[in-house]
2 protein chains.
Amino acid sequence: MEEKPQRPGPKRSLSATRIVDAAMELFDGESPSIRGVAAHLGVRPNTLYTYLPDRAALERALVDRLLAEADPDLLLGRKGWRKRVEDYACALRGVLLGRRGAAALLHTAPMDGPTAALVGERLLAIFVAAGLAPDDAARATYVVIVHVLGSATLTAADLNGRGEEAVVAERMAIQMDAQYFPLTAATWPVVARWNTEDQFRWSLQVLLVGCAGSA
Amino acid sequence: MEEKPQRPGPKRSLSATRIVDAAMELFDGESPSIRGVAAHLGVRPNTLYTYLPDRAALERALVDRLLAEADPDLLLGRKGWRKRVEDYACALRGVLLGRRGAAALLHTAPMDGPTAALVGERLLAIFVAAGLAPDDAARATYVVIVHVLGSATLTAADLNGRGEEAVVAERMAIQMDAQYFPLTAATWPVVARWNTEDQFRWSLQVLLVGCAGSA
DNA sequence: ACCTGAACACCGTTCAAGT
DNA sequence: ACCTGAACACCGTTCAAGT
């Protein structure tokens with residue numbers, strides 16, 4: 001587990017990048033703690049303050065890593081524009097659900113990193129190419145971002161580390177009172193699947209159609 | 001600040017309700033802590049465990065209170081269906097932005113309380129009355145919920161206790177590099193207003209149109 | 001320049017004890 | 001039945017000190 005140090009130097013050679021690397025492996029439901037990351041690196045907690053001003057800085061770096069890991073290049077290429085948005089959105093959803101606590105992190109701090117800017121610009125370009133006026137493209141971009149992050153966070157809270165089908169099964173077992181909640185009871189097979197990937201894709205289609213209709 | 005005790009009895013007469021009451025006044029950026037609520041009630045932290053199993057239970061109770069405070073009756077009445085959805089959505093947004101840390105809380109635990117069920121049922125009824133098939137109404141309901149919670153949480157993180165216009169002004173001062181991010185730079189007056197109520201209303205309209213189009 | 005020891009002011013939670 | 005004291009295992013962060 002220990003890398004061979006490249007140069008003799010001090011015991012370990014730390015850096016902000018290596019700290020964020022370590023933190024990326026420590027999602028377990030909470031976002032990685034300063035003390036947890038330090039322990040993982042075999043170092044005292046306060047050591048990290050040589051490289052990071054505070055915990056918020058660590059979290060902002062993690063947000064950017066997560067956005068990048070979903071591969072913003074999926075927004076490029078010559079597939080249809082809806083398909084490209086859907087591909088990146090699903091990839092990001094996958095990344096956020098794959099690391100417990102990651103989704104909540106995206107809602108914690110403003111996304112002002114370089115990858116966020118890149119993703120925003122590419123979504124804008126897609127909507128402009130699709131025929132939206134630039135200002136409407138900007139608004140549409142926000143709608144997509146909100147939906148992806150919002151649904152990923154709700155879904156992550158619901159999954160809580162379990163598999164999608166386990167959660168659906170659990171929800172299907174719930175009996176809604178058909179007297180007080182007739183429609184909820186009647187549509188329960190759909191409601192029980194709210195936090196699934198097919199609902200996610202359905203929502204995205206609706207969003208994109210709605211946005212395109214504003215052209 | 002101290003209420004006169006109604007009956008002599010013990011020093012204070014606590015209850016889950018009174019604990020949640022107290023917690024509702026303690027939103028300050030984090031969701032209220034067990035220790036903070038106990039201090040506010042003039043009691044030791046572990047006292048609360050007589051009434052609540054754990055912190056998660058406190059948070060679930062708070063979620064339900066917040067949903068109720070936005071007044072689900074706004075979803076009833078004889079206004080147009082889009083208007084009713086928009087009214088409740090804006091009211092909920094207001095409640096969540098009015099208490100710092102409230103928005104993030106809604107994303108923390110699954111919303112399984114009575115008010116959540118009531119809001120869900122009424123949204124379903126609205127979409128069915130608007131002509132959607134029940135299953136599509138269920139999916140549309142989820143789209144609306146995700147959007148309201150998602151945008152409120154992003155906005156709350158951005159506001160961080162400040163006023164809407166202060167944030168817009170701050171963002172307007174940012175200079176995006178027009179070479180790398182031409183569309184972002186060109187639409188900055190809109191992007192800077194992403195977390196405002198007018199963007200919120202625009203998004204909702206797009207959503208509802210998209211959902212209605214799926215009828 | 002880089003890391004640590006010790007401390008401070010916090011958390012949620014448990015358990016045995018008091019009244 | 002209701003509340004507390006004391007403790008446990010955690011947090012983020014600061015600051016003076018060591019190498």
Side-chain angles (χ1 to χ4, degrees), chain A residues 2-3 5-63 100-102 104-105 108-109 157 160, chain B residues 2-3 5-63 100-102 104-105 108-109 157 160:
Chain A
E2 286 290 299
E3 293 176 18
Q6 304 276 15
R7 313 161 199 169
K11 282 201 277 182
R12 284 178 184 80
S13 114
L14 236 44
S15 69
T17 305
R18 284 204 49 187
I19 291 171
V20 180
D21 285 345
M24 282 291 283
E25 298 172 7
L26 293 178
F27 281 100
D28 69 333
E30 310 297 312
S31 78
S33 67
I34 292 281
R35 292 183 110 104
V37 174
H40 190 71
L41 288 166
V43 114
R44 302 293 158 248
N46 43 5
T47 303
L48 303 197
Y49 288 87
T50 307
Y51 305 95
L52 299 170
D54 53 22
R55 181 181 214 230
L58 173 63
E59 293 186 338
R60 286 172 56 213
L62 286 170
V63 164
R100 290 183 53 195
L105 196 55
T108 256
N160 202 19
Chain B
E2 286 292 299
E3 292 178 18
Q6 304 277 15
R7 314 163 198 168
K11 280 202 278 185
R12 283 177 185 79
S13 114
L14 236 42
S15 67
T17 305
R18 284 204 49 188
I19 291 172
V20 180
D21 286 345
M24 282 290 283
E25 297 172 10
L26 293 178
F27 281 100
D28 68 334
E30 311 296 312
S31 78
S33 67
I34 292 282
R35 291 182 109 104
V37 174
H40 190 72
L41 289 166
V43 114
R44 302 294 160 246
N46 44 7
T47 303
L48 304 197
Y49 288 86
T50 306
Y51 305 94
L52 299 170
D54 52 24
R55 182 183 214 230
L58 174 62
E59 293 186 339
R60 286 171 56 212
L62 286 169
V63 164
R100 291 184 52 196
L105 196 55
T108 255
N160 202 19

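The shown structure was predicted, so the numbers you read here are calculated from the model rather than taken from an experiment. Letters A, B, ... are given to chains in the order of the sequence lines, protein chains preceding strands, and every chain is numbered from 1.
- The nearest whole Å value for the distance from the CG atom in D54(B) to the P atom in dG12(C) is 11 Å.
- Remark: the S31(B) side chain and the E59(B) side chain contain an N/O donor-acceptor pair separated by less than 3.5 Å.
- Atom CD in E30(A) sits about 16 Å away from atom P in dC11(C), given to the nearest Å.
- Using a 4.0 Å heavy-atom criterion, one finds that S33(A) contacts the sugar-phosphate atoms exclusively.
- The distance from atom CZ of R35(A) to atom CG of L48(A), rounded to the nearest 0.5 Å, is 10.5 Å.
- When rounded to the nearest whole Å, the span between CD1 of I34(A) and P of dC11(C) equals 19 Å.
- Closest to the side chain of T47(A), out of dT13(D), dT4(C), dG12(C), is dT4(C).
- Closest approach of A61(A) and V20(A) over heavy atoms only: CB-CG2, 3.7 Å.
- The CZ atom of F27(A) sits 5.0 Å away from the CG atom of L105(A) when rounded to the nearest 0.5 Å.
- We find that CG of L52(A) is positioned 13 Å from P of dC2(C), with the value rounded to whole Å.
- Note on R55(A): only backbone sugar-phosphate atoms sit closer than 4.0 angstrom, heavy atoms only; bases stay farther off.
- Residues L14(B) and T50(B) form no side-chain contact, since every pair of their non-hydrogen atoms from C-beta on lies 4.5 Å or further apart.
- Rounding to whole angstrom units, CD1 of residue I19(A) and P of dG12(D) are separated by 13 Å.
- For T50(A) and dC3(C), the shortest distance from a side-chain N or O to OP1 or OP2 is not below 4.0 Å.
- Nucleotide dC11(D) holds its P atom 11 Å from the CG atom of L26(A), rounded to whole Å.
- Between Y49(A) and dT4(C) there is no side-chain polar atom (N or O) within less than 4.0 angstrom of OP1 or OP2.
- Every stem involving DNA chain D, taken as at least 3 paired positions in a row under the Watson-Crick or G-U wobble test at 3.5 Å, is listed here: C:4-8 with D:12-16, C:12-16 with D:4-8.
- Between R44(B) and T47(B), the closest side-chain pair of non-hydrogen atoms falls below 4.5 Å.
- Distance from the side chain of R35(A) is smallest to dC11(D) among dG5(D), dT4(C), dC11(D).
- Checking dT4(C), dT14(C), dC3(C) against the side-chain heavy atoms of N46(B) singles out dT14(C) as nearest.
- Between dG5(C) and R44(A), a contact under 4.0 Å exists linking OP1 or OP2 to a side-chain N or O.
- Listed for the D54(A) side chain is a donor-acceptor partner under 3.5 Å among the backbone atoms of A57(A).
- Rounded to an integer number of Å, the gap from OH of Y51(A) to C1' of dT13(D) is 18 Å.
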